[in-house]
Amino acid sequence: MKLATWNVNSLKVRLPQLLTWLAAQQPDVVFLQETKLQDGEFPKQEIAAAGYHAAFSGQKTYNGVALLTREEPTDIVFGNPLYPDEQKRLLAATVGGIFMVCAYVPNGQSVGSDKYAYKLAWLEALARWIEERIAVNPRLVVAGDFNIAPEDRDVYDADAWEGQILCSAPERAAFQRLLSLGMKDSFRLFEQPAKSFSWWDYRMLGFQKNRGLRIDHILLSDLLARHCSAAAINREQRKLDRPSDHAPVTSELAC
DNA sequence: ATGGTAGCCGCGCTA
């Protein structure tokens, strides 16, 4: 089973790229973030024609998450039941006996801001919910845009970013809390090239200079991590015309 | 150097 997560930064703009990419990569489950589409605007027909079921939770202009699945999803959950939230950032469903959680973690803007407090509260509630669910669904995936670079090696210039948003100690602790529940960062189950990133700022030639961060992740519960056979970042996608600022991240399960 | 780029029904906000 092939899993993929991708912050598309507007599904409307990225739909042609997504369809081409689906045909080329043939993932079984796709976690999308920043669709920026109200549910009535979701391109159901195009996604169905590509061979996918879709569950989605969107809003105008900001946020929005979706799950595309080869198999029909069941038990669809909109939002974290432990954290009522106007912002559409969380969607989960059972697919092939695995509980799939698609997360668009708040960016946090800057350390100490109101948005930062919201980010930490959101993450804390996510961990509490995952802790509950993993006891019931030991086959569990949390994938999405975490807006956290877990370690210094996930940052192009760790000194410049030290303590900054996406890298601060409380954010990294929140990420570790998820790992402490038995989740594994699938990308790090394998040897990977140095300076592997998943997001590059549109500004200042960020991608061309590989000034990036690895903030998009696929976390696998221990039971699934044992069967993970590969993990990668589809960096090539960022080279296309009108790219998302994020590249897709994939993991393969040999089960 | 507090810049810059992209996407949004926008006349700034978020990332």
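By convention in this document, chain letters (A, B, ...) are assigned in the order of the sequence lines, proteins followed by strands, and residues within each chain are numbered from 1. As a basis for the values below, the full set of heavy atoms in this structure was taken, side chains included, without hydrogen atoms, waters or symmetry mates.
Straight-line distance between the C1' atoms of B/dG10 and B/dT5: roughly 16 Å, to the nearest whole Å. Between the P atoms of B/dC9 and B/dT14, the separation comes to 15 Å (whole Å). Across the C1' atoms, B/dA15 and B/dG3 are found 16 Å apart, a figure rounded to whole Å.
Note on A/K115: a side-chain N or O is less than 4.0 Å away from OP1 or OP2 of B/dT14. In this model, the phosphate group of B/dG4 is not approached by any side-chain N or O of A/R211 to a distance below 4.0 Å at OP1 or OP2.
Per the geometry, CH2 belonging to A/W199 stands 8 Å off C1' belonging to B/dA15, to the nearest Å. Put simply, CG on A/D201 is 12 Å from P on B/dG4, counting in whole angstrom units. Atoms CD (A/Q87) and P (B/dC8) sit 18 Å apart, rounded to a whole Å. In this structure, OH of A/Y116 is placed 17 Å from C1' of B/dA15, rounded to the nearest angstrom. Atom CG of A/D216 and atom P of B/dA15 are 14 Å apart (whole Å). We find that CG of A/N9 is positioned 6 Å from C1' of B/dA6, with the value rounded to whole Å. Distance CD (A/E41) to P (B/dC9): 9 Å, rounded to an integer number of Å. Counting to the nearest Å, the P atom of B/dA15 and the CG atom of A/D114 are 13 Å from each other.
Toward the 5′ end of DNA chain B lies the nearest nucleotide of A/K12, the other residue of the pair A/E34 and A/K12 mapping further downstream. A residue-by-residue look at A/Q109 and A/T61 shows that A/T61 has its nearest nucleotide of DNA chain B further toward the 5' end.
For A/S10, counting side-chain heavy atoms from C-beta on, the closest listed nucleotide (B/dT5, B/dC8, B/dT14) is B/dC8. Nearest to the side chain of A/M204, among B/dC8, B/dG4, B/dA15, sits B/dG4. Of the listed nucleotides (B/dC8, B/dT14, B/dT5), B/dC8 has the atom at the smallest distance from the side chain of A/V13. Counting only heavy atoms from C-beta on, A/Y104 has its side chain closest to B/dA15 among B/dC8, B/dC13, B/dA15. Of the listed nucleotides (B/dT14, B/dT5, B/dG7), B/dT5 has the atom at the smallest distance from the side chain of A/R203.
Atom NZ of A/K195 has 12 or fewer neighbouring heavy atoms from other residues, nucleotides or ligands inside a 6.0 Å radius. With a 6.0 Å radius and a threshold of 12 heavy atoms from other residues, nucleotides or ligands, A/Q26 has its CD atom above the threshold. Residue A/D157 places its CG atom among more than 12 non-hydrogen atoms of other residues, nucleotides or ligands, all under 6.0 Å distant.
Between A/F175 and A/F146, the ring planes lie perpendicular to each other; the angle is over 60°, past the 30° to 60° tilted range.
A/E132 has no carboxylate O lying under 4.0 Å from a charged side-chain N of A/R128, or vice versa, which leaves the two without a salt bridge.
A donor atom on one side chain and an acceptor atom on the other are not found under 3.5 Å apart for A/Y118 and A/S113.
Nucleic acid contact class of A/R89 (heavy atoms, under 4.0 Å, all strands): sugar-phosphate only.
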